[in-house]
Amino acid sequence: MGLSPLVGLFYHALYYGTLLLSSFLLYRLASSFLTPRPRLWWKLLLGLTLGGSSAMIIWVGDPNLFYTFPVFFLLVLVSTQGDWVGRLAVTIIFFCLIMPVCAFLDTYVEVLSPITHLYYDPLTRLIRPAVFSLLYLFLRRRLPQEPVTLPRRLWTLVLWLSFMPLLALVSAVLLAYPQWVSQAAYAMAMRQGLVLLPFSCITAVVLLLVILALAGHEQLEKQVHLAGLQEVYYQGLQREQRQVRTLRHDLRNHITAVQGLLAQGETDKALRYLDQLTASPSLSGGGKFCDNAAANVVFAAKAQEMDRRGLHGTFQVSLPQDLPIGDADLCALLGNALDNAMEAAEKSAEKTVTVRCRAEKGLFMLRVENPLAGDERADWSTTKKDKAAHGFGLPGMREIARRYGGSLETRAADGQFELVVCLPL
């Protein structure tokens, strides 16, 4: 009798200890794929939702799965932010990662042997965090420092794939309910559960690896795009250097020509000659927009592209050498904003693009103005026929702004479109 309080204390300690350990492990995993809301209680809610679901008692033929899913779904979505399609996909994946472990342990550990039947409850509670620990160790080196971000089209693909482990989980657990309809059917469901529950869990893990692979591919594409911009930038610098060398070589001849015109009283011709010299790209500069190398590459490349398209670009840029914004994100933000502005300006009679970008007083501010093309949609989605390859610039920019705790706003008035991005530094 004296041991009863100690046994009760042990079970309480075991229950809460394994619950907290599972919450910690699952939160560390989930925070690489989901962006928790900034407040501490949202992070606690996310961790406790994941850990609490891992403590659910569930078995083959148990309808608890049906009641658990909407609560799990709601709490995870409420405590996170970002693209709702991505959050929905990752929520389903983690549900299919946690529930098969619970259902498999609660269903099959008890029937293994008399010993496991006697210590069924503590064993299942101890094995749960052990499984999640192995899973975390398996994925740890692959996990990014920041939550992964994907374009909407890729999140949609992952969402459709996530129904595969979900349907396997539902088939394994709910098709055997109610158990008393047929003992033979229940026995068949028990055998199917041995296959479908591990299949659901493993498929969920594979989908997490797929997300990481897709995120790595997207990051590589951004780096390739940045490298392309750098190539354009450096080619422009080399072209300007060649022009400067040519101008320096011919400087004596230019001076002699101007002196000759002035000696003949041809003042107007001399002035026009000097105007042509000063308009030379080698004297106009334009290669240096700001101190930040990545931003400077984008602005220089886009300025050259504007000249090729016959557009007039006005740049007012003041950015420091170091910014707490990743180069790939910064280039994606600036590049997409300028691409959209150039595309609209090309279709308009007023072919001007105005860019203001600065970092001061703890804020990064980007303002891009361009004339309206006249064929814009109400939601500013792409008007191109190939929607599979276009139309992700603005959503991608919103995702970047949201990830850095900032905002992106668009306005249209008096024939002008204005995009404003504000990020705290």
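Model, not experiment: these values are computed from the prediction.
With rounding to the nearest 0.5 Å, the separation of CZ in F315 from NZ in K302 is 10.0 Å. The distance from the CD atom of Q145 to the OG atom of S31 is 12.0 Å, given to the nearest 0.5 Å. Once rounded to the nearest 0.5 Å, the distance linking CG of L166 with OG of S200 reads 7.5 Å. Atoms CG and CG, on L48 and L46 in that order, are 9.0 Å from each other to the nearest 0.5 Å. Atoms CG and CG, on L363 and L423 in that order, are 8.5 Å from each other to the nearest 0.5 Å. Distance check, rounded to the nearest 0.5 Å: OH of Y27 to OG of S79 gives 9.0 Å.
Looking at heavy atoms from C-beta onward, V298 lies out of side-chain contact with L330 at the 4.5 angstrom threshold. Within the 4.5 Å cutoff, no side-chain heavy atoms of V317 are placed close to those of R358. Using a 4.5 Å heavy-atom cutoff, the side chains of L197 and Y108 are in contact. The closest side-chain heavy-atom distance from E346 to L311 is below 4.5 Å. A 4.5 Å side-chain heavy-atom check between T80 and V90 finds every atom pair outside the cut-off.
In this structure, F95 has its ring center at least 6.0 angstrom away from the ring center of F73.
The residue from Q416, R356, R411 that alone fulfils the side-chain hydrogen bond (donor to acceptor under 3.5 Å, both in side chains) condition with E369 is R356.
With W42 contributing its side chain and P36 its backbone, the two residues share no donor-acceptor pair below 3.5 Å.
In this structure, L319 and A359 approach most closely via the heavy-atom pair CD2-N, 3.7 Å. A337 approaches L419 most closely through the heavy-atom pair CB-CD2, 4.4 Å.
A 6.0 Å sphere centred on CZ of R28 holds no more than 12 heavy atoms belonging to other residues, nucleotides or ligands.
Between E418 and R367 a salt bridge is recorded (basic side-chain N to carboxylate O distance below 4.0 Å). Look at R128 and D106 and you find a salt bridge, because one of the NZ, NE, NH1 or NH2 atoms lies within 4.0 Å of a carboxylate O, short of that distance.
Both tests pass for R142 against the ring of F138: distance under 6.0 Å to the centre and angle within 45° of the axis.
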